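Data block below; observations after.
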Amino acid sequence: MTSSLIRGRPRRAAAHISARVLHTVLGALIGLVWLVLPGMTIEHRAPVADGRAQAAVAQDEEGSSAADLALPLVAVGAAVVVAGYTYVRRTRRARTRTTPGGVPAPASAAPPLAELDEQAKVLLVAADDSVRTSREELAFVEARFGEGAVASTVLALRSAEAELRAAFRMRQQYDDGVPEEAAARQHALAGIVGRCEEAGRRLDEAAAGVDQLRGLEQGAGEALGLAETRFRALTGRTRAVDALLADLTARYGPAAVAAVTGYAEQARDRLVFATLRLNQARQAGDLAVHDRAALHLRAAEGAIAQAAVFLHGVERLAADLSGAAALVPAALTGAEAEIARAQRSARAQVPVGELRARLVHADNVLAFVRDEVARGAPYDPLDALRRIVRAVAPLAAEPTAGVLGAAAALLGRAAVAGADDFVATHRGAVGAAARTRLAEAARLLGEDPVAADVLAVEARDLAEQDVRVHGNPVAGAAGAAGHESGGAGAVLGGILLDGGAAASFGGPRGRGRRAYPSA
């Protein structure tokens, strides 16, 4: 980058040249005045007597007259030169001023830090939404045409995902205060913007191939049949998920299933929306209005994909609760061994007072969990396992090894998956902060599952807060109609974009390129 000092040299060099030119002109004028000055003083000479002297005097008088005539011309010329130079300098200064005080404007003013920060957040959300939507649609394409047909598109999607991960990593570092210098922070934000734009560009480049492969504008018959088959399968699963959720609540208590409470109802809401759009797609196809049928089909596919996420979230939680319940006794035993080892060892050079406080806290946590398990009443095994791991991890020699490592890995996976499900199905309201924490949690999952669990829980909390602030996307009578048709949930889930466009494969600039037709 060219420094401000280097950028300022040509201007100062030009100013110095102009000054030298002015000095040269003034010097020449002074020389002319010096040459004609003797002629101007001829009238003060003593009178002469002889003829030759008179002739010389006459000759001098003629020279004095010429000098008298030349002097005003020289003065006028000098005035013209000075006036021209002044005009040029004033014009040049006026071009470089931005305020009446004459402060020069920078050659290429960067946007303010706050403005660039907001732009980075908006682009992160848009790029994440684009990747998620593209992944959902590509699953339908792959199911119909096979892996080989979409291999190049999968590579484009993976490339976009890598760019997005890098952007989220930069954002997490930025939120952590790295870097500290204002100029470096501005460069970091610019890097985030660039990564997001590159992710969108790669998806947009692949979108044309997806459209050509699907050929929905020429007829959506096979794709529509596949979507309807998936729809019927999910409809049958909702009853089983209802029963499973009731069983989990009775076995582990309401707190244990709080994260998925209402998921079955939201799955049905998405399926109601899918029903309407599938019917409209079928009707449009029968009338050979294929472009309209394609738009309805894409909206239905998005709703079907999210209904599957809701149902699978409940089923996965059942498996996680069962696994955690099986691990709790072994985790208690492993935690007790770590506490005993820490009491005997002075390994980590932790101050005695701090070590004692950690030991007391861990003992209290284990005692509470033991009592909770012994009572035989319903309890949340994931929460119990989380309390054990977090209490003992600061004391453990290898927190990622043994039974405590297995418990930490289970917690991390469950928390990341649960937060990801929530963001995916509420993406129309979730902001950049929650998505950034989620991406960082997923990155840390393999190397530090305890930290991944902490960040994933924070991400879920931030996402839920965003949804509460966002509120109902459709209000009044339109809101009631939106809920009856599933439209409100489709907006909240990012299936329908601003202006009624249906989200589809592609980057932020292209995924809403198809306007959603009015019913």
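Just so it is clear, the model here is predicted, and its values are computed rather than measured. Residue numbers count from 1 along this sequence.
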Interatomic distance, OH@Tyr174 vs CZ@Arg169, rounded to 0.5 Å, equals 16.0 Å
Which atom pairs, one a donor and one an acceptor, fall under 3.5 Å between side chains of residues 404-426 and the rest of the protein, sequence neighbours left out?
| residue | atom | partner | partner atom | Å |
| --- | --- | --- | --- | --- |
| Asp420 | OD1 | Arg132 | NH1 | 3.3 |
| Asp420 | OD1 | Arg132 | NH2 | 2.9 |
| Asp421 | OD2 | Arg316 | NH1 | 2.9 |
| Asp421 | OD2 | Arg316 | NH2 | 2.6 |
| Thr425 | OG1 | Asp421 | O | 2.8 |
| Thr425 | OG1 | Phe422 | O | 3.4 |
| His426 | ND1 | Phe422 | O | 2.8 |
| His426 | NE2 | Gln266 | OE1 | 3.2 |

Do the side-chain N and O atoms of Gln280 and Arg277 include a donor-acceptor pair separated by under 3.5 angstrom?
-> yes
Pairwise distance CZ(Arg298) to CG(Leu496) - rounded to 0.5 angstrom = 14.0 Å
Carboxylate-amine/guanidinium proximity below 4.0 Å for Glu440 and Arg443 = yes
Within 45° cone and under 6.0 Å: Arg387 NZ/CZ vs Phe368 ring | no
Arg437 and Asp175: CA distance, side-chain angles, deciding distance, salt bridge (Lys or Arg N to Asp or Glu O under 4.0 Å) verdict | CA-CA 10 Å; Arg437 302 300 177 273; Asp175 291 344; 3.1 Å; yes
Answer yes or no: are there more than 12 heavy-atom neighbours, outside Glu265 itself, under 6.0 Å from its atom CD?
-> yes
His187 side, atom NE2; Leu116 side, atom CG - distance, nearest 0.5 Å = 10.5 Å
Are any side-chain N or O atoms of Thr436 and backbone N or O atoms of Ala432, one a donor and one an acceptor, separated by less than 3.5 Å?
-> yes
Val178 backbone acceptor or donor facing Asp176 side chain under 3.5 Å | no
Flag, side chain of Thr238 to backbone of Thr235, donor-acceptor distance under 3.5 Å = yes
Using a strict cut-off of less than 4.0 Å between a Lys/Arg side-chain nitrogen and an Asp/Glu carboxylate oxygen, indicate whether Glu301 and Arg270 qualify as a salt bridge.
-> no
Starting at CG of Leu123, measure out to CD of Glu197 and round the result to the nearest 0.5 Å.
-> 6.0 Å
What pairs with Glu205 under side chain to side chain donor-acceptor pair (under 3.5 Å), at least two apart in sequence or on another chain?
-> Arg201
List the steps, then state whether salt bridge (Lys or Arg N to Asp or Glu O under 4.0 Å) holds for Glu180 with Arg185.
-> CA-CA 7 Å; Glu180 297 181 358; Arg185 289 177 73 76; over 6 Å; no
Under 3.5 Å: donor-acceptor pair, side chain of Arg468, backbone of Ala463 = no
Sub-3.5 Å donor-acceptor pair from the side chain of Arg435 to the main-chain atoms of Val430, do we have one?
-> yes
Look at atom CD of Glu147 and say whether more than 12 heavy atoms of other residues, nucleotides or ligands are closer to it than 6.0 Å.
-> no
Criterion side-chain contact (heavy atoms from CB on, under 4.5 Å) on Met170 and Leu124, from CA distance to verdict = CA-CA 11 Å; Met170 295 169 69; Leu124 274 171; over 6 Å; no
Judged by atom type as modelled, is there a donor-acceptor pair below 3.5 Å linking the side chain of Asn279 to the main-chain atoms of Thr275?
-> yes
Going from CG on Asp211 to OG on Ser504, what distance comes out if it is rounded to the nearest 0.5 angstrom?
-> 7.0 Å
Under 3.5 Å, is there a donor-acceptor pair between the side chain of Glu136 and the main chain of Ile304?
-> no
Do side-chain atoms of Asp291 reach the backbone of Glu217 as a donor and acceptor pair under 3.5 angstrom?
-> no
Hey, does the side chain of Ser134 reach the backbone of Gly506 with a donor-acceptor pair shorter than 3.5 angstrom?
-> yes
Drop me the distance from Phe273's CZ to Leu278's CG, to the nearest 0.5 angstrom.
-> 10.0 Å
Is any NZ, NE, NH1 or NH2 atom of the basic residue among Asp204 and Arg509 found under 4.0 Å from an Asp or Glu carboxylate oxygen of the other?
-> no
